[in-house]
J.: 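Quick one: the structure is below, and I'll ask about it shortly.
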Amino acid sequence: VLNLGVVDVEDNGNQYYCEVINTAGTATTNIMTLNVRFTPVLNDVKDVAVKETEKATFEVTIKRDGNPTDYTYQWFCNGEKIEGATKSTYTTPATTPDMNENGYYCEVTSKAGTVSSNTARLTVYYKATLSEFHEMTVIEGKSLTMNVEISKDGNLSEYTYQWYRNGQAIKGATNKTYTLENANRNMHGDKYYYTVTNNAGTATSNEAALTVLHLPTLGKLEDVAVIDGEEAKFVIPISTPGRPDTYRYEWYYRRNASEEWTLVEGNNIDTYQFVTNRDMDGWQYFVKVTNDAGSVNSNIATLTVYYTPTVA
């Protein structure tokens, strides 16, 4: 009996025979070959990086064959068996952001046993997720700053930006904020959106409309002349409507140019009408018209009251 002790891979294929000797001579056995079963040595499974929606393929390769060489394969993701993944390569479904950093490894099995590969990591590059871009309001002559709003960062999070107005790229508007200087009424209704780009692609915001508020243009507040005791009526015309075109009116009067103005209480309309007397001759009036864009004052109009002389 030949006891080989512990054998290793290098012993595989060694051949042995035995000579049996007595006084009559020597007898030799047949040659016997040692068959050592052992598992293969695997190359490292490489990490894979893809863009969102692309598929990733992992491959296990044999660095040194085992004995025997009829292998079966089983792939795992994050420690869970992947059903049907029984080849030396495994291709994922279309990737999603949730698959980023998943770990994949393969078990290779033969009659000698099972060996596991290293765990390879999947990197999924995906775009940023943008918050809703809300409609904006600005007062004519003022500035407005628009901001990129990212609700979930992409991978990678190194971004470039581009702002658009009415479908056209705004030259030089490549920062996370865009400031509209000195808004005017001709910009009303313009639509803005922005894009955020990283290595995974470009995310595009929704369009948001711009509302530009502005004051109305007032017509002339005409002087009024009446006879003592008659009604006087001042009317302020709007020659160009404001935005919004709902207004608040405040009428003011003073008895002479050296007196402070007094607010007429409770007359929030475009007309101021009242009964006159001779003491009101020469009084002055104006109206302040207000909307959400601010206030504008009319010109000053004068009341003339005609009256008969007093006979001594």
Side-chain angles (χ1 to χ4, degrees), residues 1-129 152-158 198-201:
V1 175
L2 174 64
N3 186 354
L4 297 177
V6 177
V7 295
D8 58 26
V9 173
E10 283 73 21
D11 295 320
N12 185 52
N14 287 351
Q15 294 181 324
Y16 302 86
Y17 66 91
C18 181
E19 291 182 348
V20 181
I21 303 171
N22 64 10
T23 56
T26 300
T28 303
T29 67
N30 60 301
I31 295 175
M32 296 166 284
T33 300
L34 178 63
N35 184 16
V36 179
R37 291 183 175 180
F38 53 91
T39 56
V41 176
L42 307 179
N43 289 309
D44 282 344
V45 179
K46 295 180 180 180
D47 296 336
V48 177
V50 295
K51 295 179 182 179
E52 182 181 3
T53 74
E54 293 180 344
K55 296 179 180 181
T57 297
F58 294 90
E59 182 179 17
V60 62
T61 57
I62 306 300
K63 183 176 182 179
R64 186 194 67 193
D65 264 322
N67 183 33
T69 58
D70 50 338
Y71 308 124
T72 61
Y73 302 88
Q74 179 62 59
W75 286 89
F76 294 79
C77 176
N78 298 334
E80 299 292 329
K81 181 189 292 186
I82 305 171
E83 294 298 329
T86 56
K87 296 182 179 180
S88 61
T89 61
Y90 169 66
T91 299
T92 68
T95 54
T96 64
D98 292 340
M99 296 169 69
N100 186 49
E101 292 299 318
N102 279 356
Y104 296 84
Y105 69 90
C106 185
E107 288 185 351
V108 181
T109 301
S110 68
K111 291 180 180 179
T114 298
V115 61
S116 295
S117 74
N118 63 299
T119 297
R121 292 294 170 185
L122 172 62
T123 298
V124 180
Y125 295 127
Y126 51 88
K127 299 178 289 186
T129 301
K152 180 182 178 182
D153 267 322
N155 180 28
L156 303 164
S157 56
E158 297 176 359
N198 66 0
N199 286 351

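Numbers here are sequence positions counted from 1.
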J.: Counting N and O atoms only, with roles assigned by atom type, does the side chain of Asn155 sit under 3.5 Å from a partner on the main chain of Val124, one being a donor and the other an acceptor?
T.: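 Yes: the side chain of Asn155 pairs with the backbone of Val124.
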
J.: How close do Lys55 and Thr91 get, heavy atom to heavy atom, and via which atoms?
T.: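 Shortest heavy-atom separation between Lys55 and Thr91 comes out as CB-CG2, 3.8 Å.
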
J.: Does CD belonging to Glu158 count more than 12 external heavy atoms closer than 6.0 Å?
T.: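 No - once you tally the heavy atoms of other residues, nucleotides and ligands closer than 6.0 Å, there are 12 at most.
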
J.: When you look at Thr95 and Tyr125, which way does the side-chain contact (heavy atoms from CB on, under 4.5 Å) test go after all the steps?
T.: CA-CA 9 Å; Thr95 54; Tyr125 295 127; over 6 Å; no

J.: Is it the case that over 12 heavy atoms from other parts of the model lie below 6.0 angstrom from the CD atom of Glu80?
T.: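 No, CD of Glu80 has 12 or fewer neighbouring heavy atoms, counting only those of other groups under 6.0 Å.
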
J.: Return the minimal non-hydrogen interatomic distance between Tyr71 and Ser110, and the atom names on each side.
T.: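 Shortest heavy-atom contact: CD2-CB, 3.9 Å.
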
J.: Does the ring of Tyr126 carry Lys152 above it, NZ/CZ under 6.0 angstrom from centre and within 45° of its axis?
T.: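 Yes - Lys152 lies over the ring of Tyr126, closer than 6.0 Å to its centre and within 45° of its axis.
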
J.: Which heavy atom of Glu19 sits nearest to which heavy atom of Thr26, and what is that distance?
T.: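 So the two residues come closest at CB-CG2, 3.9 Å.
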
J.: How close do Asn199 and Lys51 get, heavy atom to heavy atom, and via which atoms?
T.: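 Result for this residue pair: O-CE, 3.0 Å.
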
J.: Indicate the atoms forming the closest heavy-atom contact of Arg121 with Glu101, along with that distance.
T.: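 Of all heavy-atom pairs spanning Arg121 and Glu101, the closest is NH1-O, 3.1 Å.
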
J.: Residues in side-chain contact (heavy atoms from CB on, under 4.5 Å) with Ala120, at least two apart?
T.: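 Partners of Ala120 by the side-chain contact (heavy atoms from CB on, under 4.5 Å) criterion, ordered by chain and then number, come out as Val45, Asp47, Phe58.
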
J.: Of all heavy-atom pairs between Asn102 and Asn78, which one has the smallest distance, and what is that distance?
T.: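 Nearest pair, atom of Asn102 first, then Asn78: OD1-ND2, 3.0 Å.
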
